[in-house]
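Please read the structure below before turning to the comments.
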Amino acid sequence: MTAQIIDGKALAQDIRQQIRQQVAQLGPQAVPGLAVILVGDDPASQIYVRHKVRACEEVGMRSIAQRHPADLAESQLLEHLDTLNRDPAIHGILVQLPLPAHISAERVIDAIAPEKDVDGFHPVNAGALLGGRPGLRPCTPLGCMRMLASIGLTDLGGRSAVVIGRSNIVGKPMALLLLAANATVTICHSATPNLAQVTRQADILVAAAGRAGMVSGNMVKPGAVVIDVGINRGADGKLCGDVDFAAVREVAGAITPVPGGVGPMTIAMLLANTLDAARRSAA
Ligand code: NDP
C-alpha cells in the first residue's frame with residue numbers, strides 16, 4: 001500500500017481563497033497590511049520575500065517590502081521596526097531570517113510588537129503558546145497542524161507524535177501544538193540516541209532537522225502520518241525534504257511531499273496570521 005499524499009499546494013490554495021473572501025468582507029477601510037523586511041542579498045531569502053509579498057497581494061492585503069543593504073546598522077533596523085510598530089495600517093511585521101552576523105536576531109524579534117509578530121517568534125507569543133493562551137503561532141508548525149486536520153486528525157488523543165528537531169522556529173512550537181491537540185509527544189535532536197527506535201513508535205512523525213533524506217523507510221511505523229518540514233538541496237541539486245520520500249511512501253499511511261507540502265502551507269499561515277492580527281487590532 002502506498003501512502004496518501006497530503007497536497008500542501010492544493011490545501012494552501014483553498015486556504016488562500018478563503019482568506020481572500022474574508023479580506024474582501026472586511027472592506028476597503030480595514031485592509032490588512034503586512035510589512036516584510038529583508039536585510040542583505042541572500043538569494044533564498046529574496047525568493048521567500050517575493051513569494052510572501054505576492055501572496056499578500058493575491059488575497060487583497062496591503063504589503064510593504066523593505067529591502068536594506070547587508071551593512072544596515074542594527075540600530076537603524078530597530079528604528080524601522082519602531083515606525084512599523086506605530087503604523088496603524090500595518091498589522092503584521094516579518095523580518096526575514098537569517099540576518100547578517102552583526103545584527104542580533106533576538107534583539108530584532110524582541111523589538112516587534114507582539115500583536116504584529118505574524119511569525120509568532122516573539123517571547124510573548126512563544127510564552128502564550130507554552131501557556132495555552134491566545135497568541136500568534138509560528139507559521140510552519142501551524143501549517144503542519146492544518147495538514148493533519150485536512151486528513152481528519154484534529155484531536156490527537158491516544159496518538160504518539162515524534163518531532164525531529166528542537167529549533168524555536170519549528171521543532172519546539174510544533175511539539176507544543178501537537179501536545180495542545182492531545183498527542184503524546186517526544187522531541188528528538190542531534191543528541192538523541194537510537195533515533196530510529198524512537199521514530200518507529202510515532203503515529204505522527206514530523207521531520208524538521210534539515211538533513212536531506214535522513215528519515216528512511218525503516219524509521220517509520222507502518223501506516224504513520226509523516227510530515228516533512230525539511231528543505232534541502234539533494235546531491236542532484238534538486239529540492240528535497242528530510243524524508244526519503246520514495247521509500248517512506250511505501251510504509252507510511254500519509255505523507256507530505258517536498259516541494260508542494262509544508263512550504264506553501266507556511267505562506268498560507270502567514271496570511272492567516274496577518275488577517276488574524278488585523279481583526280484583533282480592529283476588535
Ligand atoms: P535548525 O537547524 O535550527 O534546527 C534543526 C534541528 O534538527 C536541531 O534541533 C538539531 O538538533 C536537529 N537535528 C539536526 N540533525 C539531526 C540528526 N541527525 N538527528 C536528529 N536531530 C537532528 O533548523 P530549523 O528548525 O530552522 O529548520 C529545519 C528544516 O526545516 C530546515 O531544512 C529548514 O530549511 C526547514 N524549514 C522549512 C520551512 C518550510 O516552510 N517548509 C520553514 C522553516 C524551516 P540540535 O538542536 O541538537 O542541534
Side-chain angles (χ1 to χ4, degrees), residues 6-9 11-13 15-16 36 42-52 54-55 94-99 105-106 109 118-121 126 129 136-148 161-178 185-202 205-216 218-220 226-235 238-245 248 255-273:
I6 308 175
D7 184 343
K9 199 173 168 193
L11 186 57
Q13 201 52 49
I15 293 169
R16 282 156 70 151
V36 183
D42 176 64
S45 294
Q46 284 178 342
I47 294 171
Y48 290 144
V49 166
R50 213 177 308 134
H51 283 169
K52 288 169 185 176
R54 198 184 305 148
L94 178 158
V95 179
Q96 185 65 44
L97 301 176
L99 286 164
E106 281 187 4
I109 289 168
V118 282
D119 258 340
F121 297 161
L129 172 58
L136 291 160
R137 309 302 195 214
C139 302
T140 299
L142 202 54
C144 295
M145 296 306 289
R146 288 290 283 266
M147 293 178 105
L148 291 175
V162 172
V163 180
I164 310 174
R166 57 171 164 183
S167 72
N168 290 332
I169 292 172
V170 187
K172 279 185 215 163
M174 185 73 240
L176 289 168
L177 288 174
L178 290 162
V185 182
T186 306
I187 306 177
C188 300
H189 45 76
S190 64
T192 302
N194 304 322
L195 184 64
Q197 209 173 307
V198 183
T199 59
R200 272 198 296 271
Q201 307 301 314
L205 177 60
V206 181
R211 300 277 180 271
M214 72 170 279
V215 176
S216 53
N218 65 3
M219 291 172 71
V220 175
V226 179
I227 308 278
D228 191 354
V229 180
I231 301 179
N232 314 288
R233 287 262 166 227
K238 286 191 186 150
L239 219 55
C240 67
D242 286 357
V243 174
D244 179 347
F245 185 82
V248 171
I255 187 169
T256 67
V258 177
V262 176
M265 289 300 292
T266 296
I267 296 194
M269 292 302 102
L270 172 66
L271 300 175
N273 274 352

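Counting convention: from 1, in listed order, for ligands and their atoms alike.
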* Asked: For atom 15 (N) of ligand 1, which protein heavy atom lies nearest, and how many Å away is it?
  -> Arg211 NE, 3.2 Å

* To do: Measure the distances from the heavy atoms of Gly171 to every atom of ligand 1 and state whether one is below 4.0 angstrom.
  => no

* Thr266: numbered ligand 1 atoms lying under 4.0 Å from its heavy atoms -> 39 (C), 40 (O)

* To do: For atom 45 (P) of ligand 1, find the nearest protein heavy atom and state the residue, atom name and distance (0.1 Å precision).
  => Ser190 OG, 3.4 Å

* Asked: Just by distance, do the side chain of Asn168 and the backbone of Phe121 share a donor-acceptor pair under 3.5 Å?
  -> no

* To do: Please lay out, stage by stage, how Leu177 and Leu129 fare under the test side-chain contact (heavy atoms from CB on, under 4.5 Å).
  => CA-CA 8 Å; Leu177 288 174; Leu129 172 58; 3.7 Å; yes

* To do: Enumerate the atoms of ligand 1 whose separation from the nearest heavy atom of Val170 is less than 4.0 angstrom.
  => 25 (O), 43 (C), 44 (C)

* For Gly263, counting its heavy atoms only, list the atoms of ligand 1 lying under 4.0 Å from any of them. => 40 (O), 41 (N)

* Quick one: does Asn232 get a heavy atom under 4.0 Å from ligand 1? -> yes

* Structure fact -> Honestly, for Thr192 the part within reach of ligand 1 (heavy atoms, under 4.0 Å) is neither

* Considering heavy atoms of the protein only, find what lies nearest to atom 26 (O) of ligand 1 and give residue, atom and distance to 0.1 Å. => Ser167 OG, 4.0 Å

* **Test of proximity, Arg166 against ligand 1: N or O pairs below 3.5 Å** => yes

* Please examine the side chains of Thr199 and Val215, heavy atoms only from C-beta on, and report whether any two atoms are closer than 4.5 Å. => no

* To do: Check Ala161 against Leu178 and note the closest heavy-atom contact, atom names and distance.
  => CB-CD1, 3.9 Å

* **For the student: nearest non-hydrogen atoms of Leu136 and Asn273, plus distance** => CD2-O, 3.7 Å

* Short list, please: which atoms of ligand 1 are under 4.0 Å from a heavy atom of Ala208? -> 5 (C), 6 (C), 7 (O), 28 (C)

* For atom 20 (C) of ligand 1, what is the nearest protein heavy atom, given as residue, atom name and distance? -> His189 O, 3.2 Å

* **Rounded distance (nearest 0.5 Å) linking atom CG of Asp7 with atom CE of Met147** => 8.0 Å

* Asked: Does a sphere of radius 6.0 Å around CD in Glu106 hold more than 12 heavy atoms from other residues, nucleotides or ligands, not counting ones at 6.0 Å or beyond?
  -> no

* What is the closest protein heavy atom to atom 36 (N) of ligand 1, and at what distance does it sit? -> Val229 O, 3.7 Å

* Asked: Donor-acceptor pair, Asp228 side chain versus Asp242 backbone, under 3.5 Å?
  -> yes

* **Side-chain touch Phe245/Ile255, heavy atoms, less than 4.5 angstrom** => yes

* Asked: Does the protein place any heavy atom closer than 4.0 Å to atom 2 (O) of ligand 1?
  -> no

* Asked: Which atoms of ligand 1 have any heavy atom of Ile164 under 4.0 Å away?
  -> 20 (C), 21 (N)

* Asked: Can you check whether Arg233 reaches Leu239 side chain to side chain, under 4.5 Å on heavy atoms?
  -> yes

* Going by distance only, is there an N or O of Ile231 that falls short of 3.5 Å from an N or O of ligand 1? -> yes

* To do: Select one of side chain, backbone, both or neither to describe which atoms of Met214 lie under 4.0 Å from any atom of ligand 1, heavy atoms only.
  => side chain

* To do: Considering heavy atoms of the protein only, find what lies nearest to atom 5 (C) of ligand 1 and give residue, atom and distance to 0.1 Å.
  => Ala209 O, 3.6 Å

* Could you tell me whether a side-chain N or O of Arg137 sits under 3.5 Å from a main-chain N or O of Gly120, the two making a donor and an acceptor? => no

* Structure fact -> Looking only at protein heavy atoms, what sits closest to atom 31 (C) of ligand 1 is Gly210 CA, 3.6 Å

* **Distance-minimising heavy-atom pair for Ile164 and Met214** => CG2-CE, 4.2 Å

